[in-house]
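Order of the sequence lines fixes the chain letters, A, B, ..., with proteins taken first and strands second; residue numbering starts at 1 for each chain. Predicted, not measured: the structure shown is a model, and the values here were computed from it.
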There are 2 protein chains.
Amino acid sequence: MFKAATIKDIAKELGFSASTVSRALLDSHEVSIETRKKVKDYAKKINYYSNPAARSLKNSRSYSIGVMVADVANSFFSQTINGIESVAYEKGYHVIITQSHDLYEREAINIEHLANSSVDGLLISMSAGTTDYSHITKLHERGLPIVFFDRIIDDIKTFKVTTDNFKAAFDATVLLIKKGYERIAFIANAPQLSITSDRVNGYKAALEANSLPFEESLVKYCFAGGRILDEVTDAIDGLLGLPDKPQALFIASDQLSKASIRALSKLSHHNDLAIIGFSNSDVIDLISPHISYIKQNAFSIGEIAMQMLIKLMESKYPIYNFETKLVDAEIYWNDNFDL
Amino acid sequence: MFKAATIKDIAKELGFSASTVSRALLDSHEVSIETRKKVKDYAKKINYYSNPAARSLKNSRSYSIGVMVADVANSFFSQTINGIESVAYEKGYHVIITQSHDLYEREAINIEHLANSSVDGLLISMSAGTTDYSHITKLHERGLPIVFFDRIIDDIKTFKVTTDNFKAAFDATVLLIKKGYERIAFIANAPQLSITSDRVNGYKAALEANSLPFEESLVKYCFAGGRILDEVTDAIDGLLGLPDKPQALFIASDQLSKASIRALSKLSHHNDLAIIGFSNSDVIDLISPHISYIKQNAFSIGEIAMQMLIKLMESKYPIYNFETKLVDAEIYWNDNFDL
DNA sequence: AATTTTTCCGGTAACGTTTGCGTTGATTTT
DNA sequence: AAAATCAACGCAAACGTTACCGGAAAAATT
C-alpha cells in the first residue's frame with residue numbers, strides 16, 4: 001500500500017528538524033530564504049502534501065464546509081453549487097453537499113452529521129418542511145459559522161444572501177399588468193419560507209401600485225412546493241373553476257413551474273392564460289406551454305454565500321454587523337405561447 | 001468558542017482510562033459489558049462524537065470518498081449522486097463531489113486534489129475531454145480504490161457499473177424499425193467515451209439484425225457532447241440536407257437531446273422526424289417537439305457504484321476478480337409528436 | 001570590545017484517538 | 001494447593017502537524 005511523504009521524510013533528507021520544515025512550508029520568516037526554497041523544492045520533487053487529518057487535528061479546523069440544499073437535481077441549486085465550489089476550491093476548502101429533500105428530519109439529521117464531522121462552516125438553504133430552527137440555533141450559539149442563502153430565516157443573525165424576491169415579483173407582476181392582464185393568480189410555495197412571503201408581498205405591492213384589488217382567493221399556497229403534483233393540480237383547478245377566472249398566472253418557484261406546466265398541459269384551453277414563473281431550468285424555453293420566466297442569478301448567489309462564509313470563518317474577531325445581500329433576478333418575457 | 005467533548009472527558013468523569021473508554025466505544029470484548037454500557041450512556045448524554053481528524057490520523061482513513069462527474073446540473077448525474085449518497089450515508093462515509101465540466105484539465109486537477117485530501121476511494125465518471133488516463137492509473141497503482149460508473153474505461157482493471165448501453169441502443173433502434181422507420185440517423189457523443197461506442201454498436205447491430213444497411217453519413221459525432229450548440233445544429237443541418245433524408249433520429253445523450261431539440265425547434269418541418277433520445281430529465285415529457293426517450297436507472301447505478309467501492313475499500317485482502325455490472329435502461333415510446 | 005539585538009534553527013509537547021503490551025486479581029485446571 | 005488461564009483494565013507510544021520556548025551564532029549597536 002502506498003505511503004505518502006511526510007514532513008519527517010523531508011527533514012531527514014535535508015538534515016533539518018521537522019519544525020523547520022514545517023515553518024519553511026508555511027513561509028515563516030523565522031526560516032532563511034534559501035532553506036525555504038530548498039525545502040519547498042524537495043517537497044515538490046517527492047510530491048509532498050500535508051496530511052489533512054494531522055493538520056485538522058492540530059489546528060482544529062477541517063478546511064471543509066457543508067452545504068445544505070433541498071435537492072441537487074434542482075437547477076437553481078446545482079447552479080448555486082457551481083458558484084460555491086468555484087470560490088471554495090480556489091480558497092482551498094472542500095465542499096460536502098447534503099440534501100434535505102425539503103424534509104425537516106433529513107435536514108436536522110444531515111446538519112447534525114455535518115457539524116459532528118467538524119466542518120468549519122455551513123451554507124444553508126432552509127428546507128420547506130422546517131418550522132423549528134433549534135437544531136440550527138444550537139450550532140450557531142456554539143460559534144459555528146453559518147451563512148444562509150436563498151431560503152433565509154430571520155431568527156438567526158448572520159450573513160445572508162438571496163434573490164431580491166420582492167423586487168422580482170413586483171417587476172414581473174407589473175409587467176403582466178402592463179401587458180393588459182389584471183386578474184393575476186399566484187401559485188405560492190410553502191408559506192413559512194422567506195422566499196414565499198417576499199414574493200407574495202412583491203406581487204401585492206405591484207397590484208396596489210397599479211390600484212388593482214388583492215384577492216385572497218387568487219393566491220394558492222403549495223405546502224409541498226411542487227413535490228406533490230396533486231397539490232398543484234388542485235390549486236390550478238381551483239383557480240380555473242372560479243366564477244371570475246384569472247387571466248394570468250404567477251408561479252413562484254421552479255418546482256411549481258414544472259408541476260403547473262404538467263398540470264396545464266393536460267388541459268385544453270391553457271392558451272388563454274398568460275404565465276410567468278420562476279425557473280432556472282436550462283430547457284424552460286423548450287417546454288410547452290411556452291411561459292415567461294424569472295431567472296435567478298444562482299451562480300452569483302453561490303459565490304457570494306461562500307465569500308461570506310469565508311469571511312466569517314477566517315475572521316480573527318467575532319463579527320457583529322451582518323449583511324443581507326439581495327441579488328437581482330432577470331425576467332424573460334415571451335409573447336408567443338404556442339410553439 | 002465551543003469545544004467538543006473528548007474521550008478524556010469521559011474517562012475523567014467515569015474514572016476509567018482513555019484506552020478503556022476508546023475500547024468501550026468500539027465495543028471491544030476486553031471491556032466488561034457494564035463498563036461498556038456506562039461509557040456509552042455517558043457519551044450519549046454529553047453528546048460525544050469521535051473527532052474525525054484524530055480518527056483519520058490514527059487509522060489513516062478519512063471515511064470520505066470523492067466523486068467525479070461532468071456536471072451536477074445534469075439530471076443523470078444528480079440522480080446518480082442521490083444513489084451514491086444514500087448508500088454512503090448509511091455506511092458512515094462522507095461524499096465530496098467535484099465536477100469536470102467535461103474538461104480534461106479540470107478532471108486531472110480535481111482528482112489530484114481529492115487524492116491529496118486523502119479520500120479513501122474514488123467514484124469516477126470520465127470526462128468527455130479525457131484521452132490520457134495517466135493521472136488515474138498513477139493513483140490506481142498506488143492502491144487507491146477506484147470504481148468507474150457511467151463513462152467507464154477499459155484500461156484500468158477494477159469494478160465498473162454502467163447502463164447496458166449496447167442493449168438500450170439496440171432495443172431503441174429495433175423499436176424505431178418496428179414502427180416503420182428504416183433510415184435512422186444517429187447523433188453521437190464524443191467518440192472516445194465508452195458510452196458512445198457501446199451505443200453506436202447497439203445501433204449498428206440492430207440495423208444488421210434487421211438487414212438494414214449501416215451508413216457512415218448518418219452518424220454524427222459531437223465532440224463537445226452538446227455543450228456547444230453549433231456543433232449539434234451543424235450535425236442536424238447536415239443530416240436534413242442529405243439527398244436521402246433520414247426518417248428518424250437517435251440521440252445518444254441527455255445533453256445532446258436538449259441541444260438537438262433546441263436546434264429542431266427552430267426548424268419548421270421537424271414533425272416529419274421520429275425522435276428517440278437518451279434523457280433523464282424530469283421535464284422531458286413536457287418539451288416539444290415531443291420525443292421518445294431512453295431513461296437510465298441513474299439512482300441504481302449510483303447505489304451499485306458506492307457498494308462496489310465500499311467492498312473495495314473495506315476488503316482486508318487485495319481483490320483481483322473484478323466485475324462490470326450492466327444496468328438496464330427503460331424506453332418510453334411516444335407516438336404523439338405534437339402536444 | 002562589550003553588549004544588545006536579530007536571525008535561524010532545534011527540542012518538546014500537544015491535538016484526540018487507537019493499540020500493543022503489561023498488570024492485577026479472579027477463576028479454572030491438574 | 002500450586003500452576004495456568006482469563007477477564008478487565010491502565011500505560012505509553014504512535015499517527016503527522018504545528019507552536020511555544022529556547023539557544024547559539026551572526027550582526028548591529030553602544
Side-chain angles (χ1 to χ4, degrees), chain A residues 1-40 42-43 46-64 92 115-120 314 316, chain B residues 1-40 42-43 46-64 92 115-120 314 316:
Chain A
M1 186 59 181
F2 172 76
K3 203 116 172 5
T6 75
I7 268 189
K8 290 180 186 173
D9 298 332
I10 303 179
K12 200 178 292 171
E13 171 68 25
L14 264 47
F16 290 113
S17 73
S19 12
T20 300
V21 173
S22 169
R23 274 187 288 241
L25 292 170
L26 295 174
D27 246 331
S28 158
H29 288 284
E30 298 197 14
V31 177
S32 72
I33 310 250
E34 307 94 67
T35 306
R36 270 186 259 173
K37 182 163 165 40
K38 258 206 244 173
V39 169
K40 285 187 198 165
Y42 186 68
I46 64 169
N47 230 283
Y48 166 83
Y49 288 93
S50 76
N51 181 310
R55 217 158 44 109
S56 295
L57 182 58
K58 185 64 194 173
N59 299 344
S60 44
R61 298 189 45 192
S62 66
Y63 304 94
S64 68
N116 295 331
S117 337
S118 57
V119 292
D120 296 341
E314 299 189 346
K316 299 229 167 69
Chain B
M1 186 57 181
F2 171 76
K3 202 111 172 9
T6 75
I7 269 191
K8 290 180 186 173
D9 299 332
I10 302 179
K12 200 178 293 172
E13 172 67 24
L14 264 47
F16 291 111
S17 73
S19 14
T20 301
V21 173
S22 169
R23 274 187 283 245
L25 292 170
L26 294 175
D27 247 330
S28 159
H29 288 285
E30 299 198 16
V31 176
S32 72
I33 310 251
E34 308 93 67
T35 306
R36 270 187 257 172
K37 182 162 165 39
K38 258 205 243 174
V39 169
K40 284 187 198 165
Y42 186 69
I46 64 169
N47 230 282
Y48 167 83
Y49 289 92
S50 76
N51 182 311
R55 217 159 42 110
S56 296
L57 181 57
K58 187 64 196 174
N59 299 343
S60 45
R61 298 188 45 192
S62 66
Y63 304 95
S64 68
N116 296 330
S117 334
S118 57
V119 292
D120 295 343
E314 299 189 346
K316 300 229 167 69

* Structure fact -> Taken to the nearest 0.5 Å, the spacing of A/N51 CG from B/S117 OG works out to 10.5 Å

* Asked: Counting N and O atoms only, with roles assigned by atom type, does the side chain of B/S62 sit under 3.5 Å from a partner on the main chain of B/S118, one being a donor and the other an acceptor?
  -> yes

* Where do A/N116 and B/P52 come nearest, in terms of heavy atoms and distance? -> O-CG, 3.8 Å

* To do: Kindly determine whether A/I10 and A/F16 satisfy side chain to side chain contact (heavy atoms under 4.5 Å, CB included), including the steps that lead there.
  => CA-CA 8 Å; A/I10 303 179; A/F16 290 113; over 6 Å; no

* Asked: Counting side-chain heavy atoms from CB outward, which of C/dT17, D/dG16, D/dT17 is closest to B/T6?
  -> C/dT17

* When the distance from CD1 of A/I10 to P of D/dG16 is rounded to whole Å, what number comes out? -> 13 Å

* **Separation of D/dC9 C1' from B/L14 CG (nearest whole Å)** => 14 Å

* D/dC15 OP1/OP2 closer than 4.0 Å to side-chain N/O of A/K8 -> yes

* For A/L26 and D/dA19, what is the distance between atoms CG and P respectively, to the nearest whole Å? -> 7 Å

Can you check nucleotides 27-29 of chain D for protein contacts, nitrogen or oxygen pairs under 3.5 Å, and list what you find?
none

* To do: Identify, with sequence neighbours excluded, every residue that meets side-chain contact (heavy atoms from CB on, under 4.5 Å) alongside A/R23.
  => A/S19, A/T20, A/S28, A/E30, A/V31

* Asked: When you look at B/D9 and B/Y48, which way does the side chain to side chain contact (heavy atoms under 4.5 Å, CB included) test go after all the steps?
  -> CA-CA 9 Å; B/D9 299 332; B/Y48 167 83; over 6 Å; no

* Between D/dA14 atom C1' and A/I7 atom CD1, what is the distance in whole Å? -> 17 Å

* Asked: NA contact type, B/S22, heavy-atom cut-off 4.0 Å: base, sugar-phosphate, or nothing?
  -> base

* To do: In whole angstrom, give the distance that lies between atom CZ of A/R55 and atom C1' of C/dG16.
  => 18 Å

* When all nucleic acid strands are considered with a 4.0 Å heavy-atom cut-off, which category describes A/S50: base, sugar-phosphate, or nothing? -> sugar-phosphate

* To do: Start with the C-alpha gap between B/V39 and B/R36, add the side-chain angles, then the distance that decides, and say whether side chain to side chain contact (heavy atoms under 4.5 Å, CB included) holds.
  => CA-CA 5 Å; B/V39 169; B/R36 270 187 257 172; 6.0 Å; no

* Under 4.0 Å between a side-chain N or O of A/K3 and OP1 or OP2 of D/dG16? -> yes

* Interatomic distance, A/S50 atom OG to A/K58 atom NZ [nearest 0.5 angstrom] -> 14.5 Å

* In whole angstrom, give the distance that lies between atom CG of B/N116 and atom C1' of D/dG16. => 15 Å

* **A/K38 NZ: over 12 foreign heavy atoms closer than 6.0 Å** => no

* To do: Take the protein atom CG of A/N51 and the nucleotide atom P of D/dA14, then report the distance between them rounded to whole Å.
  => 17 Å

* Structure fact -> Rounded to whole Å, the CG-P distance (A/L25 to D/dT17) equals 9 Å

* Asked: For A/Y49 and D/dT17, is the shortest distance between a side-chain N/O and OP1 or OP2 below 4.0 Å?
  -> no

* Structure fact -> Protein heavy-atom contacts under 4.0 Å, written 5' to 3' over nucleotides 6-14 of chain C as B (base), S (sugar-phosphate only) or - (none), form the string --BBBBB-B

